[in-house]
Amino acid sequence: MMKRINIIILLFVGLIGGLSSTSCKKSFLEKPKGGSVTVDTIFDSKNQAQYAVAEMYYLCVRGYFPQTYDGCRPEAITDQLYIIHPAYDWASNTIGTGTYITGNMSADANCDYGFGSDNGPGYGWHYKGIRQANLVLKNINKVADADANWKTDVKGQALFCRAMQHFEAFRYYGGIPIVNKPLEGDSKIAVPRSSVQSVVDSVVKWCDQAASMLPTTRGAADFGKVTKLAALALKARILLYAASPLYNTPANLKAEVSGARFGDSRDTVLAYPSYDQERWNKAAKAAKDVIDNAGGAGVSLFNTGKPLTTGETYATLGDYESVWNVFANQELILVNTANQAGSGFVWGQYLSSKLRLAQWGVKNNVPVEFMQQYEKMDGTKWTLPATGADLPVDMAALNLDPRFYQTIAYDGKYYSSQRGVLAYYKKGDYPTDGNLASSDAGVDGYATEVYKFVARVDNMTDNHLAWPVFRLAEFYLSYAEALNEYQGPGGDATNYLNLIRLRAGMPPKQPADPSSFRDAIQNERTIELAYEGHRYNDLNRWLKAKSVLNGTLHGIQTTARKGTDGQLKRTWQVVPFVARVFPPKYYYVPFPSKEISLRYLGTKAWDGQNPGW
């Protein structure tokens with residue numbers, strides 16, 4: 001397996017030195033400089049063309065993790081995660097966490113993280129990927145030693161990749177320039193922003209075309225390449241977004257977007273002109289297409305009837321935890337295989353949790369407000385007290401949703417034979433601080449970390465992990481959400497909500513009205529898809545970010561004490577982490593000032609920038 005993956009890595013590394021996109025310091029609209037490797041030579045043979053395809057995947061199928069040492073989890077700009085500000089701004093600057101959470105995001109330091117802060121704004125990287133996909137589409141027929149079936153397959157992959165990066169840019173900026181051919185020429189080429197409707201329609205069309213060209217399944221050697229089901233999944237995701245209140249705004253939520261709209265014809269690049277409930281029906285049908293086609297693609301919910309993790313072997317993992325620990329398991333529709341890059345995957349080793357190395361590192365603190373999104377095992381809500389006598393005992397006594405214990409680590413939790421019992425405590429009257437207690441700001445005693453996607457089984461090797469771009473559970477929840485908005489709860493909506501809950505070991509729910517079901521499905525999505533890159537856009541598209549991300553986030557701080565029996569006790573208290581600020585204009589990310597200055601995004605009277613920036 002590692003041999004195959006290393007070959008893929010060499011392919012895109014080799015191509016970067018040859019068929020490269022524009023310099024990161026220039027506009028993506030400029031023609032790339034020539035080099036020793038040209039379009040004609042790269043598409044001369046099937047073997048050479050693989051280089052172009054490999055770089056296309058590298059640029060377009062990212063998943064949601066940074067690929068540079070100076071990056072942190074994208075969830076750090078949501079309520080799921082807190083990276084200490086300003087002590088760890090060096091780690092967070094890829095996505096501008098410090099400026100983002102304090103309400104100071106700017107056009108030239110926005111949360112579209114690209115390939116790292118040293119490589120230019122993220123916006124241009126979307127179009128590097130789009131350009132690469134368009135180059136493949138335009139030139140793949142030149143490959144002389146490839147048959148028609150192979151060329152058709154590659155065209156399907158390129159259509160998907162082009163659609164994927166248009167979607168990725170759309171989810172940040174709203175309406176964006178639609179680019180369906182390689183841009184050429186040394187002078188400025190005017191490609192203005194398109195309406196939300198045009199972007200969504202284009203992505204849907206390309207996904208439909210890709211689905212008709214791509215195979216239903218692939219062999220093990222092609223793990224990580226897109227299939228028909230992946231194309232249907234991308235279509236379903238963008239249609240769900242398009243139906244949601246940020247873009248398809250009902251009358252009762254108009255006030256929520258005040259400050260994030262122009263109030264004139266320019267708003268077509270931000271939302272549909274009027275609400276249409278039928279968009280929810282389209283989203284429901286698209287999600288159901290994913291579900292209905294899953295079986296033929298060998299995809300199904302990972303459900304062996306084991307909701308609880310009882311050990312640190314594959315056989316003792318709960319089904320939920322198994323989804324990201326069992327290599328190439330049946331629930332995964334598409335993954336970014338970079339996690340199998342071993343020592344080259346520096347983010348996984350250093351920045352995905354301090355417990356990864358059990359020494360210096362960036363602690364991925366979990367706010368109390370997010371922890372409380374998890375229900376108790378009986379399905380009820382709970383509120384953490386202000387203080388407690390022994391954190392591991394108290395956390396176990398809460399008897400929470402099993403997914404909590406399979407996602408979040410805390411002081412006193414047994415993690416693995418390599419790490420033993422985790423020690424985040426300040427020493428108090430104990431001889432030493434816990435080995436995970438310190439940070440660049442000093443000893444903090446912050447007691448919780450996310451460990452999802454941090455290796456624990458198989459001697460803590462990363463080789464079995466794969467970051468999901470799409471997995472089937474997402475579309476169970478998307479189908480239920482869209483059905484409720486279109487026709488109300490009951491039937492399939494309730495059934496698919498509860499299939500996810502039952503797999504997790506949680507009791508079923510029977511919400512009686514659309515509002516109650518909406519609350520239930522949004523909470524379920526928050527928990528099931530935690531730390532998989534969904535929370536940022538879910539809060540935005542639901543128009544909940546302004547309420548959830550304005551206010552103070554809190555953490556748990558532990559201090560070691562000697563109990564009456566002489567044993568270590570971890571007393572704890574709730575402490576403030578950070579005061580969050582979310583201005584309404586944050587619903588749409590600002591375009592970099594360099595692109596705005598080129599005056600191609602808007603009209604003669606408008607520079608194309610989003611409202612408020």
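What you see is a predicted model; the values in this text were computed from it and never measured. Reckoned from all heavy atoms, side chains included, excluding hydrogens, waters and symmetry mates. Starting from 1, each residue takes its place in the sequence as its number.
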Inset, instruction - Starting from the C-alpha separation in whole Å, work towards a yes-or-no answer on ring-ring contact (aromatic ring centres under 6.0 Å, His included) for Y272 and Y247. - result: CA-CA 6 Å; Y272 291 96; Y247 308 104; 7.9 Å; no

Legend entry - Under-4.0 Å salt bridge between R471 and E331: yes

Legend entry - Criterion ring-ring contact (aromatic ring centres under 6.0 Å, His included) on F327 and F223, from CA distance to verdict: CA-CA 10 Å; F327 180 78; F223 182 63; 5.0 Å; yes

Inset, instruction - Answer yes or no: does atom NZ of K228 have more than 12 heavy-atom neighbours from other residues, nucleotides or ligands under 6.0 Å? - result: no

Inset, instruction - Indicate whether the side chain of Q157 and that of D153 have a donor and an acceptor atom separated by less than 3.5 Å. - result: yes

Inset, instruction - Please list all pairs passing the side chain to side chain donor-acceptor pair (under 3.5 Å) test where one or both residues lie in residues 200-215, with sequence neighbours left out. - result: D208-K235

Legend entry - R518 side chain to N484 side chain, donor-acceptor N/O pair below 3.5 angstrom: no

Legend entry - Least distance between heavy atoms, F43 atom then V136 atom: CZ-CA, 3.9 Å

Legend entry - Spacing of E528 atom CD and T407 atom OG1 [to the nearest 0.5 Å]: 9.0 Å

Legend entry - Side chain to side chain, W150 and I140, heavy atoms closer than 4.5 Å: yes

Inset, instruction - Of all the heavy-atom pairs spanning T97 and A76, show the shortest one and how long it is. - result: CG2-O, 3.6 Å

Inset, instruction - Output, in order, the C-alpha distance, side-chain angles, deciding distance and verdict of side chain to side chain donor-acceptor pair (under 3.5 Å) for R541 and S244. - result: CA-CA 6 Å; R541 69 183 180 86; S244 300; 2.7 Å; yes

Inset, instruction - For W542 and E481, test the side chains for any donor-to-acceptor distance below 3.5 angstrom and give the result as yes or no. - result: yes

Inset, instruction - Examine the side chains of Q132 and Y58 and answer whether a donor and an acceptor come within less than 3.5 Å of each other. - result: no

Inset, instruction - Report the C-alpha separation of T526 and R535 in whole Å, then their side-chain angles, then the decisive distance to 0.1 Å, and conclude whether the side chain to side chain donor-acceptor pair (under 3.5 Å) test is met. - result: CA-CA 7 Å; T526 297; R535 183 65 168 166; 2.8 Å; yes

Legend entry - Taking every non-hydrogen atom, the tightest pair across L301 and L472: N-CD2, 3.6 Å

Legend entry - Non-hydrogen side-chain atoms of Y588 and N540 separated by less than 4.5 Å: no

Inset, instruction - May I ask you to decide whether D222 forms a salt bridge with K225, counting only side-chain N to carboxylate O separations under 4.0 Å? - result: yes

Inset, instruction - Enter the distance from N93:CG to C72:SG here, rounded to the nearest 0.5 Å. - result: 8.5 Å

Inset, instruction - Search all heavy atoms of F470 against all heavy atoms of A230 and return the closest pair with its distance. - result: CE1-O, 3.7 Å

Inset, instruction - In plain terms, say whether D44 and K142 are close enough for a salt bridge, that is, a side-chain N and a carboxylate O under 4.0 Å apart. - result: no

Inset, instruction - Answer with yes or no whether the side chains of R503 and N498 bring together a donor and an acceptor at under 3.5 Å. - result: no

Legend entry - Y496 and F475: CA distance, side-chain angles, deciding distance, ring-ring contact (aromatic ring centres under 6.0 Å, His included) verdict: CA-CA 9 Å; Y496 279 93; F475 302 97; over 10 Å; no

Legend entry - Result of checking Y173, W125, Y123 against D112 for side chain to side chain donor-acceptor pair (under 3.5 Å): Y173

Inset, instruction - Identify whether the distance between the nearest side-chain nitrogen and carboxylate oxygen of K285 and D292 falls below 4.0 Å. - result: no

Inset, instruction - Indicate whether the side chain of D319 and that of T304 have a donor and an acceptor atom separated by less than 3.5 Å. - result: yes

Inset, instruction - Write down the atom of H166, the atom of V203, and the distance for their closest heavy-atom approach. - result: CB-CG2, 3.9 Å

Legend entry - H126 and E168 side chains, donor-acceptor separation under 3.5 Å: no

Legend entry - Aromatic plane relationship, F453 with W324 - under 30° parallel, 30 to 60° tilted, over 60° perpendicular: tilted

Legend entry - Donor + acceptor pair across side chains of Q406, Y451 (<3.5 Å): no

Inset, instruction - Start with the C-alpha distance between D492 and Y479, add both sets of side-chain angles, then the distance that settles side chain to side chain donor-acceptor pair (under 3.5 Å), and finish with yes or no. - result: CA-CA 8 Å; D492 269 1; Y479 182 45; 2.8 Å; yes

Inset, instruction - Would you indicate whether the side-chain heavy atoms of V335 and V469 approach each other to under 4.5 Å? - result: no

Legend entry - Pairwise side-chain contact, E474 with E532, heavy-atom cut-off 4.5 Å (strictly under): no

Inset, instruction - For this output row, return yes or no: ring centroids of Y320 and F302 closer than 6.0 angstrom. - result: no

Legend entry - Nearest-0.5 Å distance that lies between atom OG1 in T461 and atom CZ in R456: 14.5 Å

Legend entry - Minimum-distance pair of heavy atoms, taken over all atoms of K452 and R73: O-NH2, 2.6 Å

Legend entry - I500 side, atom CD1; L477 side, atom CG - distance, nearest 0.5 Å: 5.0 Å

Inset, instruction - Inspect the contact between K128 and E55 and indicate whether a charged nitrogen and a carboxylate oxygen are less than 4.0 angstrom apart. - result: no

Legend entry - Under the side chain to side chain contact (heavy atoms under 4.5 Å, CB included) test, residues paired with N459 that sit two or more places apart: Q418

Legend entry - S194 vs I176 side-chain heavy atoms within contact, under 4.5 Å: no

Inset, instruction - Could you tell me how the ring of Y536 sits relative to the ring of Y172: parallel (under 30°), tilted (30 to 60°) or perpendicular (over 60°)? - result: tilted

